[in-house]
K.L.:
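Got a structure here, written out as C-alpha coordinates. Questions coming.
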Amino acid sequence: MPELPEVETVARGLQRQIAGRRILSIMLGKTDFIDNPGEIEKELPGRTIGSVVRYGKFLLLQLTRKEDAGETDRESALLVHLGMTGMLRPQPAGEPHAKHTHVVALLDDGRELRYTDPRRFGRMAYLAGESLQEELRRFGADPLEAGLEEFTAKIRGKRARIKALLLDQRVLRGVGNIYADESLWKARIHPQRLGARLRRKQVKKLHRALQGILERAIVMRGSSIADFLDAEGQPGEYQRRHRAYGREGKRCFRCKTRIKRVIVAGRSSYFCPRCQKAPRRGKSRRNGKQEHAARRGKMG
DNA sequence: CTCGATCCCTGGACGC
DNA sequence: TGCGTCCAGGGATCGA
(Lines give C-alpha, C1' and ligand atoms only; values in the text may rest on other atoms or scores of the structure.)
Protein backbone atom coordinates (compact mmCIF):
# COMPACT_ATOMS: atom_id res chain seq x y z
CA MET A 1 0.00 0.00 0.00
CA PRO A 2 1.76 3.05 -1.22
CA GLU A 3 2.16 5.69 1.47
CA LEU A 4 4.53 8.60 1.64
CA PRO A 5 7.82 6.67 1.34
CA GLU A 6 6.55 4.46 -1.46
CA VAL A 7 5.09 7.38 -3.38
CA GLU A 8 8.27 9.37 -2.86
CA THR A 9 10.24 6.44 -4.24
CA VAL A 10 8.01 6.22 -7.29
CA ALA A 11 8.16 9.99 -7.81
CA ARG A 12 11.95 9.99 -7.78
CA GLY A 13 12.06 7.09 -10.17
CA LEU A 14 9.63 8.74 -12.55
CA GLN A 15 11.47 12.03 -12.32
CA ARG A 16 14.59 10.22 -13.42
CA GLN A 17 12.84 8.18 -16.07
CA ILE A 18 10.29 10.39 -17.74
CA ALA A 19 10.89 14.03 -16.87
CA GLY A 20 11.23 15.96 -20.10
CA ARG A 21 9.34 13.43 -22.17
CA ARG A 22 6.46 14.55 -24.28
CA ILE A 23 3.18 12.68 -24.34
CA LEU A 24 2.13 11.77 -27.84
CA SER A 25 -1.15 10.04 -27.16
CA ILE A 26 -3.36 8.56 -24.48
CA MET A 27 -5.19 5.27 -24.40
CA LEU A 28 -7.74 4.58 -21.69
CA GLY A 29 -9.18 1.34 -20.43
CA LYS A 30 -11.50 1.39 -17.44
CA THR A 31 -11.98 4.94 -16.27
CA ASP A 32 -14.17 4.73 -13.18
CA PHE A 33 -11.26 5.87 -11.01
CA ILE A 34 -10.55 8.92 -13.17
CA ASP A 35 -12.20 12.24 -12.34
CA ASN A 36 -12.23 13.53 -15.89
CA PRO A 37 -11.16 10.94 -18.48
CA GLY A 38 -12.32 13.13 -21.33
CA GLU A 39 -10.01 15.94 -20.36
CA ILE A 40 -7.11 13.58 -19.94
CA GLU A 41 -7.59 12.34 -23.48
CA LYS A 42 -7.91 15.89 -24.74
CA GLU A 43 -5.30 17.79 -22.72
CA LEU A 44 -2.39 15.42 -22.25
CA PRO A 45 -1.34 14.68 -25.81
CA GLY A 46 1.23 17.26 -26.83
CA ARG A 47 2.17 18.21 -23.31
CA THR A 48 5.56 17.57 -21.77
CA ILE A 49 6.12 16.08 -18.34
CA GLY A 50 8.17 18.81 -16.73
CA SER A 51 8.79 17.14 -13.41
CA VAL A 52 7.34 14.54 -11.12
CA VAL A 53 6.95 15.26 -7.44
CA ARG A 54 5.13 13.74 -4.52
CA TYR A 55 2.32 15.57 -2.81
CA GLY A 56 1.09 13.59 0.17
CA LYS A 57 0.22 10.23 -1.32
CA PHE A 58 -0.25 11.76 -4.75
CA LEU A 59 2.14 11.80 -7.63
CA LEU A 60 2.06 15.14 -9.34
CA LEU A 61 3.14 15.06 -12.95
CA GLN A 62 3.64 18.71 -13.70
CA LEU A 63 2.94 19.43 -17.32
CA THR A 64 4.24 22.06 -19.67
CA ARG A 65 2.99 23.05 -23.05
CA LYS A 66 6.34 23.62 -24.62
CA GLU A 67 8.78 20.85 -25.18
CA ASP A 68 11.29 23.15 -23.54
CA ALA A 69 11.25 22.20 -19.89
CA GLY A 70 12.76 25.53 -19.05
CA GLU A 71 9.42 27.12 -19.58
CA THR A 72 8.00 25.54 -16.47
CA ASP A 73 4.32 26.21 -16.53
CA ARG A 74 3.08 24.79 -13.26
CA GLU A 75 -0.44 25.59 -14.19
CA SER A 76 -1.43 22.09 -15.03
CA ALA A 77 -0.72 18.66 -13.68
CA LEU A 78 -1.82 15.07 -13.70
CA LEU A 79 -2.59 13.88 -10.19
CA VAL A 80 -2.19 10.18 -9.59
CA HIS A 81 -3.11 8.41 -6.38
CA LEU A 82 -1.98 4.80 -6.31
CA GLY A 83 -4.66 3.71 -3.88
CA MET A 84 -3.85 0.22 -2.69
CA THR A 85 -2.56 -1.47 -5.78
CA GLY A 86 -1.76 1.21 -8.29
CA MET A 87 1.49 1.15 -10.23
CA LEU A 88 2.83 3.76 -12.58
CA ARG A 89 5.89 2.99 -14.65
CA PRO A 90 7.36 3.43 -18.08
CA GLN A 91 7.79 0.35 -20.23
CA PRO A 92 8.89 -0.33 -23.76
CA ALA A 93 5.88 0.09 -26.03
CA GLY A 94 6.53 -3.32 -27.50
CA GLU A 95 5.99 -5.20 -24.26
CA PRO A 96 2.57 -6.68 -23.69
CA HIS A 97 0.34 -4.80 -21.29
CA ALA A 98 -0.02 -6.32 -17.86
CA LYS A 99 -3.50 -7.23 -16.72
CA HIS A 100 -5.45 -4.29 -15.30
CA THR A 101 -3.57 -1.71 -17.31
CA HIS A 102 -6.03 1.18 -17.50
CA VAL A 103 -4.06 4.15 -18.71
CA VAL A 104 -1.30 4.19 -21.28
CA ALA A 105 0.55 7.32 -22.36
CA LEU A 106 2.76 6.94 -25.38
CA LEU A 107 5.94 8.96 -24.88
CA ASP A 108 8.13 10.61 -27.48
CA ASP A 109 10.98 8.18 -26.87
CA GLY A 110 9.04 5.10 -27.80
CA ARG A 111 8.14 4.05 -24.30
CA GLU A 112 4.74 3.97 -22.68
CA LEU A 113 3.92 5.29 -19.25
CA ARG A 114 1.47 2.72 -17.92
CA TYR A 115 -0.90 2.82 -15.00
CA THR A 116 -2.09 -0.52 -13.71
CA ASP A 117 -4.38 -0.99 -10.76
CA PRO A 118 -6.25 -4.25 -10.11
CA ARG A 119 -8.55 -2.86 -7.42
CA ARG A 120 -8.88 0.60 -8.85
CA PHE A 121 -8.80 2.25 -5.45
CA GLY A 122 -6.50 4.78 -6.99
CA ARG A 123 -7.48 8.09 -8.49
CA MET A 124 -6.37 10.12 -11.44
CA ALA A 125 -7.24 13.64 -12.44
CA TYR A 126 -6.04 16.32 -14.80
CA LEU A 127 -6.21 19.67 -13.09
CA ALA A 128 -5.11 23.14 -14.01
CA GLY A 129 -5.05 26.65 -12.67
CA GLU A 130 -7.21 27.44 -9.71
CA SER A 131 -8.82 23.99 -9.62
CA LEU A 132 -5.39 22.49 -9.14
CA GLN A 133 -4.49 24.88 -6.35
CA GLU A 134 -7.84 24.35 -4.73
CA GLU A 135 -7.38 20.61 -4.79
CA LEU A 136 -3.93 20.83 -3.26
CA ARG A 137 -5.17 23.08 -0.49
CA ARG A 138 -7.46 20.34 0.77
CA PHE A 139 -4.52 18.56 2.31
CA GLY A 140 -2.58 19.20 5.48
CA ALA A 141 1.12 19.67 6.04
CA ASP A 142 3.75 17.35 4.68
CA PRO A 143 4.95 15.39 7.71
CA LEU A 144 8.58 15.76 6.64
CA GLU A 145 8.26 19.52 6.37
CA ALA A 146 6.14 20.21 9.42
CA GLY A 147 8.15 21.55 12.31
CA LEU A 148 7.49 20.53 15.88
CA GLU A 149 5.38 23.57 16.57
CA GLU A 150 3.07 23.04 13.65
CA PHE A 151 2.88 19.33 14.31
CA THR A 152 2.01 19.89 17.94
CA ALA A 153 -0.69 22.38 17.09
CA LYS A 154 -2.30 19.99 14.66
CA ILE A 155 -2.24 17.04 17.01
CA ARG A 156 -3.15 18.65 20.28
CA GLY A 157 -5.77 20.83 18.72
CA LYS A 158 -7.96 17.85 17.86
CA ARG A 159 -9.94 15.54 20.01
CA ALA A 160 -9.89 12.59 17.67
CA ARG A 161 -7.76 9.56 18.37
CA ILE A 162 -4.14 9.96 17.50
CA LYS A 163 -4.31 7.13 14.99
CA ALA A 164 -7.22 8.78 13.21
CA LEU A 165 -5.36 12.08 13.17
CA LEU A 166 -2.26 10.56 11.65
CA LEU A 167 -4.36 8.96 8.92
CA ASP A 168 -6.38 12.10 8.22
CA GLN A 169 -4.93 13.61 5.06
CA ARG A 170 -6.38 17.00 5.97
CA VAL A 171 -4.19 17.02 9.05
CA LEU A 172 -1.02 15.57 7.58
CA ARG A 173 -0.63 14.46 4.02
CA GLY A 174 1.03 11.18 3.22
CA VAL A 175 0.83 9.06 6.35
CA GLY A 176 -0.98 5.75 6.01
CA ASN A 177 -1.63 2.75 8.16
CA ILE A 178 1.86 1.29 8.17
CA TYR A 179 3.79 4.39 9.12
CA ALA A 180 1.15 5.53 11.58
CA ASP A 181 1.50 2.28 13.51
CA GLU A 182 5.26 2.23 13.24
CA SER A 183 5.67 5.75 14.56
CA LEU A 184 3.20 5.20 17.38
CA TRP A 185 5.11 2.11 18.41
CA LYS A 186 8.39 3.98 18.33
CA ALA A 187 6.94 6.82 20.38
CA ARG A 188 5.16 4.37 22.71
CA ILE A 189 1.77 5.91 22.20
CA HIS A 190 -1.42 3.86 22.11
CA PRO A 191 -3.39 4.39 18.87
CA GLN A 192 -6.57 5.19 20.76
CA ARG A 193 -5.15 8.02 22.82
CA LEU A 194 -6.84 11.31 22.05
CA GLY A 195 -4.65 13.83 20.28
CA ALA A 196 -5.66 16.62 22.64
CA ARG A 197 -4.64 14.59 25.66
CA LEU A 198 -1.12 13.81 24.63
CA ARG A 199 1.56 15.55 26.60
CA ARG A 200 3.93 17.88 24.80
CA LYS A 201 6.76 15.47 25.39
CA GLN A 202 4.87 12.64 23.76
CA VAL A 203 3.97 14.73 20.75
CA LYS A 204 7.59 15.69 20.39
CA LYS A 205 8.57 12.06 20.53
CA LEU A 206 5.98 11.17 17.93
CA HIS A 207 7.11 13.96 15.66
CA ARG A 208 10.69 12.72 15.81
CA ALA A 209 9.65 9.10 15.41
CA LEU A 210 7.45 9.80 12.42
CA GLN A 211 10.04 11.86 10.58
CA GLY A 212 12.83 9.44 11.36
CA ILE A 213 10.81 6.45 10.19
CA LEU A 214 9.63 8.13 7.01
CA GLU A 215 13.14 9.21 6.13
CA ARG A 216 14.56 5.80 6.81
CA ALA A 217 11.79 4.17 4.80
CA ILE A 218 12.48 6.43 1.85
CA VAL A 219 16.13 5.42 1.94
CA MET A 220 15.00 1.80 1.84
CA ARG A 221 12.65 2.55 -1.02
CA GLY A 222 9.48 1.94 0.94
CA SER A 223 7.70 -1.17 2.15
CA SER A 224 6.61 -3.96 -0.14
CA ILE A 225 4.12 -5.94 1.85
CA ALA A 226 1.64 -6.88 -0.81
CA ASP A 227 3.11 -6.21 -4.17
CA PHE A 228 4.33 -2.66 -4.24
CA LEU A 229 6.90 -1.97 -6.93
CA ASP A 230 8.49 1.36 -7.70
CA ALA A 231 8.80 3.05 -11.06
CA GLU A 232 11.67 0.73 -11.95
CA GLY A 233 9.74 -2.34 -10.99
CA GLN A 234 11.77 -2.88 -7.82
CA PRO A 235 10.32 -3.80 -4.41
CA GLY A 236 11.15 -1.79 -1.30
CA GLU A 237 12.96 -3.11 1.74
CA TYR A 238 11.47 -1.27 4.68
CA GLN A 239 9.02 -4.07 5.50
CA ARG A 240 11.96 -5.84 7.12
CA ARG A 241 12.11 -3.09 9.66
CA HIS A 242 8.46 -3.10 10.67
CA ARG A 243 8.13 -3.29 14.44
CA ALA A 244 4.37 -3.29 14.83
CA TYR A 245 2.52 -3.29 11.53
CA GLY A 246 1.40 -6.75 10.50
CA ARG A 247 2.99 -8.37 13.54
CA GLU A 248 -0.08 -9.49 15.49
CA GLY A 249 0.83 -12.25 17.92
CA LYS A 250 4.54 -11.77 17.43
CA ARG A 251 6.73 -10.42 20.15
CA CYS A 252 7.49 -6.77 20.69
CA PHE A 253 11.07 -5.95 19.76
CA ARG A 254 11.45 -4.00 23.00
CA CYS A 255 9.67 -6.03 25.67
CA LYS A 256 8.73 -9.35 24.05
CA THR A 257 5.05 -8.88 24.79
CA ARG A 258 2.82 -10.10 22.00
CA ILE A 259 1.70 -7.44 19.56
CA LYS A 260 -2.03 -6.88 19.50
CA ARG A 261 -4.37 -5.73 16.78
CA VAL A 262 -7.44 -3.55 17.25
CA ILE A 263 -9.55 -1.57 14.83
CA VAL A 264 -9.13 2.17 15.16
CA ALA A 265 -10.52 4.64 12.69
CA GLY A 266 -11.77 1.66 10.73
CA ARG A 267 -8.28 0.31 10.17
CA SER A 268 -6.22 -2.47 11.69
CA SER A 269 -3.92 -1.02 14.28
CA TYR A 270 -1.00 -3.00 15.60
CA PHE A 271 0.57 -2.05 18.89
CA CYS A 272 2.37 -3.39 21.93
CA PRO A 273 -0.07 -3.45 24.85
CA ARG A 274 2.78 -3.07 27.29
CA CYS A 275 4.85 -0.34 25.68
CA GLN A 276 1.84 1.58 24.43
CA LYS A 277 -0.51 2.07 27.34
CA ALA A 278 -4.21 2.33 26.63
CA PRO A 279 -5.88 5.60 27.54
CA ARG A 280 -7.62 5.72 30.91
CA ARG A 281 -11.08 4.36 30.12
CA GLY A 282 -12.28 7.14 27.89
CA LYS A 283 -15.51 7.27 25.95
CA SER A 284 -14.89 3.94 24.28
CA ARG A 285 -17.01 0.92 24.74
CA ARG A 286 -16.73 -1.52 27.61
CA ASN A 287 -13.66 -2.98 26.02
CA GLY A 288 -13.16 -5.40 28.85
CA LYS A 289 -10.05 -4.93 30.87
CA GLN A 290 -6.69 -5.64 29.51
CA GLU A 291 -4.35 -3.53 31.52
CA HIS A 292 -4.27 -2.15 34.99
CA ALA A 293 -0.90 -1.01 36.17
CA ALA A 294 0.17 2.31 34.77
CA ARG A 295 3.90 2.50 34.65
CA ARG A 296 5.46 5.81 33.97
CA GLY A 297 6.67 5.83 30.40
CA LYS A 298 10.24 6.60 31.41
CA MET A 299 10.94 10.20 30.62
CA GLY A 300 13.32 10.86 27.78
C1' DC B 1 -16.49 17.90 15.23
C1' DT B 2 -15.96 13.03 15.45
C1' DC B 3 -17.38 8.38 14.72
C1' DG B 4 -19.01 4.21 12.78
C1' DA B 5 -21.01 1.92 8.88
C1' DT B 6 -21.04 1.16 4.03
C1' DC B 7 -19.42 0.93 -0.54
C1' DC B 8 -15.98 0.62 -4.12
C1' DC B 9 -12.82 -3.59 -6.07
C1' DT B 10 -9.94 -7.73 -6.72
C1' DG B 11 -6.67 -11.11 -5.30
C1' DG B 12 -5.12 -14.01 -1.86
C1' DA B 13 -5.99 -17.04 2.03
C1' DC B 14 -8.63 -20.60 3.72
C1' DG B 15 -12.03 -24.40 4.08
C1' DC B 16 -14.10 -28.29 1.99
C1' DT C 1 -8.50 -28.97 -8.89
C1' DG C 2 -12.00 -25.84 -8.12
C1' DC C 3 -15.37 -23.18 -5.92
C1' DG C 4 -17.44 -20.37 -2.24
C1' DT C 5 -16.52 -17.19 1.45
C1' DC C 6 -14.12 -13.85 4.00
C1' DC C 7 -11.09 -10.14 4.37
C1' DA C 8 -7.92 -6.11 3.61
C1' DG C 9 -7.81 -1.30 2.99
C1' DG C 10 -7.61 4.54 1.21
C1' DG C 11 -11.03 7.40 0.72
C1' DA C 12 -15.69 9.26 -0.16
C1' DT C 13 -20.11 9.64 1.75
C1' DC C 14 -23.87 9.55 4.91
C1' DG C 15 -26.37 9.29 9.09
C1' DA C 16 -25.84 9.53 14.13
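To find a chain, count down the sequence lines: A is the first, B the second, and so on, and within it residues start at 1. A quick note: this is a predicted structure, and the numbers were derived from the prediction, not measured.
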K.L.:
Would you mind telling me which of dG11(B), dA12(C), dG10(C) lies closest to the side-chain atoms of Arg138(A)?
P.N.:
dA12(C)
K.L.:
Please pick, from dG9(C), dC3(B), dA8(C), the nucleotide with the shortest atom-to-atom distance to any side-chain atom of Arg261(A).
P.N.:
dA8(C)
K.L.:
Given dG11(B), dT10(B), dG10(C), identify the nucleotide with an atom nearest to the side chain of Lys30(A).
P.N.:
dT10(B)
K.L.:
Would you indicate which nucleotide in dC3(B), dG10(C), dT10(B) comes nearest to any side-chain atom of Arg120(A)?
P.N.:
dT10(B)
K.L.:
So what does Glu3(A) touch, heavy atoms closer than 4.0 Å: a base, only the sugar-phosphate, or nothing?
P.N.:
nothing
K.L.:
Under a 3.5 Å threshold, yes or no: a donor from one side chain and an acceptor from the other, between Tyr115(A) and Asp117(A)?
P.N.:
yes
K.L.:
Given dG4(B), dT2(B), dC8(B), which nucleotide is nearest the side-chain atoms of Lys158(A)?
P.N.:
dT2(B)
K.L.:
Less than 3.5 Å apart, any donor N or O on the side chain of Gln91(A) or His97(A) sitting next to an acceptor on the other?
P.N.:
no
K.L.:
What nucleic acid atoms does Asp32(A) come within less than 4.0 Å of, heavy atoms only: base, sugar-phosphate, or nothing?
P.N.:
sugar-phosphate
K.L.:
Please pick, from dG11(C), dG10(C), dG11(B), the nucleotide with the shortest atom-to-atom distance to any side-chain atom of Gln169(A).
P.N.:
dG11(C)
K.L.:
Name the nucleic acid region contacted by Arg267(A), choosing base, sugar-phosphate or nothing; use a 4.0 angstrom heavy-atom cut-off, strictly under.
P.N.:
base
K.L.:
Find out if a path of hydrophobic residues (ILVMFWY) with successive side-chain heavy-atom gaps under 4.5 Å connects Phe33(A) to Ile26(A).
P.N.:
yes
K.L.:
Looking only at side-chain N and O atoms, does Arg47(A) offer a donor or acceptor that is under 3.5 Å from a partner on Tyr126(A)?
P.N.:
yes
K.L.:
Would you kindly check whether a donor in the side chain of Arg123(A) faces an acceptor in the base of dA12(C), or vice versa, at under 3.5 angstrom?
P.N.:
no
K.L.:
May I ask you to verify if any side-chain N or O of Ser268(A) is less than 4.0 angstrom from the OP1 or OP2 atom of dG9(C)?
P.N.:
yes
K.L.:
Please give, in whole Å, the distance from dG4(B) P to Leu167(A) CG?
P.N.:
13 Å
